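Notes follow once the structure below has been shown.
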Amino acid sequence: MKLCTIEPLSGLCLGCGRSLREIGSWMSYSPDTRAAIMATLPQRIARLRVDARDCVPD
């Protein structure tokens, strides 16, 4: 099943790293636009993980 879970502060999916706008428009994007977005996803996901760790109480 392909479901996204959006992290409310960043607006990014916790699984794929894309924004709601990117998810909704994905099929209309050109291959170059998709590739450009895909290139940013590892950094986005890493940032989400760091931010999530920072929010966990000690």
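Every heavy atom of this structure was used, including side-chain atoms; hydrogens, water molecules and symmetry mates were not. Just so we're clear, the structure is a prediction, and the values are computed from it rather than from any experiment.
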task: Give a yes-or-no answer on whether the side chains of Thr33 and Ser30 include a donor-acceptor pair shorter than 3.5 Å.
output: yes

field: Residues Gln43 and Thr40: side-chain donor-acceptor under 3.5 angstrom
entry: no

message: Using 0.5 Å steps for rounding, measure from the CG atom of Leu9 to the CG atom of Leu48.
response: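 With rounding to 0.5 Å, CG (Leu9) is 10.0 Å from CG (Leu48).
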
task: Please determine if Glu22 and Arg34 form a salt bridge, counting it only when a charged side-chain N lies under 4.0 Å from a carboxylate O.
output: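 Judged by the 4.0 Å cut-off on N to carboxylate O distance, Glu22 and Arg34 do not form a salt bridge.
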
query: Closest approach of Cys13 and Cys16, non-hydrogen atoms and distance?
result: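 So the two residues come closest at SG-N, 3.4 Å.
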
- prompt: In the single-linkage hydrophobic clustering (I, L, V, M, F, W, Y; side-chain heavy atoms under 4.5 Å), do Ile23 and Leu14 co-cluster?
  reply: no

message: For residues Leu41 and Trp26: do they belong to one hydrophobic cluster (side chain heavy atoms under 4.5 Å, members Ile, Leu, Val, Met, Phe, Trp, Tyr)?
response: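 Yes, because Leu41 and Trp26 connect within a single hydrophobic cluster, where side-chain heavy atoms sit under 4.5 Å apart.
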
message: Applying the side-chain contact (heavy atoms from CB on, under 4.5 Å) criterion to Leu12, which one of Glu7, Arg18, Arg47 satisfies it?
response: Arg47

